[in-house]
Amino acid sequence: MKSEKIPQNLPRHIAFIMDGNGRWAKKRFLPRKAGHREGVKTMRRIVDECFKIGIPYLTVYAFSTENKNRPQDEVKALFNLMEEYFTEFLNELLEKNICVRTMGDTSYFPETLRNIIADAIEKSASCTGGTLNIALNYGSRDEILRAVNVAVKNGAVLDSDAFSRLLYTSDLPDPDLVVRTGGESRLSNFMLYQCAYSELFFTKTLWPDFNKTLLYEILNDYSARERRFGKVKP
Ligand code: IPE
Ligand code: IPE
Ligand code: MG
């Protein structure tokens, strides 16, 4: 049996690229949206487990700037799922003292969905038990360009800290660990600035199949890595 021991050296911030929902559904002759629904269930379980063992910051990539170019019925199904998630699980998040926030440009989302998201962010803003950052219509290039445009407009010459403060993640630590499920070894426009020194973990497991055992395996792998940040081992 694989070890579910919690390693001592846990990441402070894990970012999940939750990929593989569509293939999970296809394997079962189900519509892609059934995979997304299963993916939300997995997200709830994994987010819960991470906070339970004391990881304070989580980011989940739920919808990229490029995902809106998918067939409109899939985009609509994703919006419906987001609406359900924020409505049904807000109380659970509040009970667990979890602060939920988003990153990305949600301005073109349907108004009801925007209001539901804004309500969840507002109600959970003072929660201190963990931070769940959900990337919605997020793209790293879009984020960086927005920051550059603000800097240019202000005529400011920025250092790296000042630039970081113009990103959606201004008040979050950089991810220590990025986990991508679904078998692709790429970042797909995700946190390109913030992941400069993140540890990366790619697994073939499709996101709906991701579970606690694999999470612990990844955490143990992470804890054995040596992060040098360009320096030499002391
Ligand atoms: C990830 O799963 C979820 C989103 C991108 C919204 P996919 O929908 O990309 O699933 P695959 O990669 O097609 O299997
Ligand atoms: C990345 O997955 C985006 C999310 C998980 C939300 P994609 O399925 O969109 O990425 P590509 O197309 O395989 O690069
Ligand atoms: Mg995909």
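Throughout, residue positions are numbered sequentially from 1 according to the sequence presented. Remember, it's 1-based here, ligands and their atoms both numbered in the order they're listed.
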> Counting both backbone and side chain atoms, is some N or O of Ser188 under 3.5 Å from an N or O of ligand 2?
Replying inline: yes

Any idea how [X] and [Y] line up, ring-wise: parallel (<30°), tilted (30 to 60°), or perpendicular (>60°)?
X	Y	answer
Tyr57	His13	tilted
Phe16	Phe210	perpendicular
Tyr61	Tyr138	perpendicular

> How would you list, by chain and number, every residue that makes a side chain to side chain donor-acceptor pair (under 3.5 Å) with Asp142, sequence neighbours excluded?
Replying inline: Arg146

Provide, to 0.1 Å, the distance between [atom] and the closest protein heavy atom, together with that atom's residue and name.
atom	value
atom 5 (C) of ligand 2	Met18 O, 3.5 Å
atom 6 (C) of ligand 1	Ala62 O, 3.4 Å
atom 9 (O) of ligand 2	Asn67 ND2, 2.9 Å
atom 10 (O) of ligand 1	Gly22 N, 2.9 Å
atom 12 (O) of ligand 2	Arg186 NH2, 4.4 Å

>> Check this for me - ligand 1, Asn21, N or O atoms closer than 3.5 angstrom, yes or no?
In response: yes

> Does ligand 1 have any atom sitting under 4.0 Å from a heavy atom of Ser64?
Replying inline: no

> Strictly under 4.0 Å, does any heavy atom of Gly20 approach an atom of ligand 1?
Replying inline: yes

> Evaluating non-hydrogen atoms only, which member of Lys27, Arg32, Arg70 is closest to atom 4 (C) of ligand 1?
Replying inline: Arg70

> Can you tell which of Arg23, Arg180, Glu184, Glu66 gets a heavy atom nearest to atom 2 (O) of ligand 2?
Replying inline: Arg180

> Say you draw a straight line from CD1 of Ile121 to SG of Cys99; how long is it, rounded to the nearest 0.5 Å?
Replying inline: 8.5 Å

> What distance separates Leu192 CG from Phe190 CZ, expressed to the nearest 0.5 Å?
Replying inline: 9.5 Å

Take atom [atom1] of [X] as the centre, draw a 6.0 Å sphere, and report whether it contains more than 12 heavy atoms from other residues, nucleotides or ligands.
X	atom1	answer
Tyr108	OH	yes
Gln8	CD	no
Lys68	NZ	yes

>> If the cut-off is 4.0 Å to any non-hydrogen atom of Asp19, which atoms of ligand 2 fall inside it?
In response: 2 (O), 8 (O)

> What residue among Glu92, Glu84, Glu38 forms salt bridge (charged side-chain N to carboxylate O under 4.0 Å, His left out) with Arg44?
Replying inline: Glu92

>> Heavy atoms only, cut-off 4.0 Å: how does Phe190 contact ligand 2, side chain, backbone, both, or neither?
In response: neither

> In terms of side-chain geometry, is the basic nitrogen of Lys96 or Asp48 positioned less than 4.0 Å from the acidic oxygen of its partner?
Replying inline: yes

>> Show the nearest heavy-atom pair for residues Ala62 and Leu136, with the distance to one decimal.
In response: CB-CD2, 3.9 Å

> Near the Mg ion (ligand 3), which protein N/O/S atoms are found at less than 2.8 Å?
Replying inline: Asp19 OD1

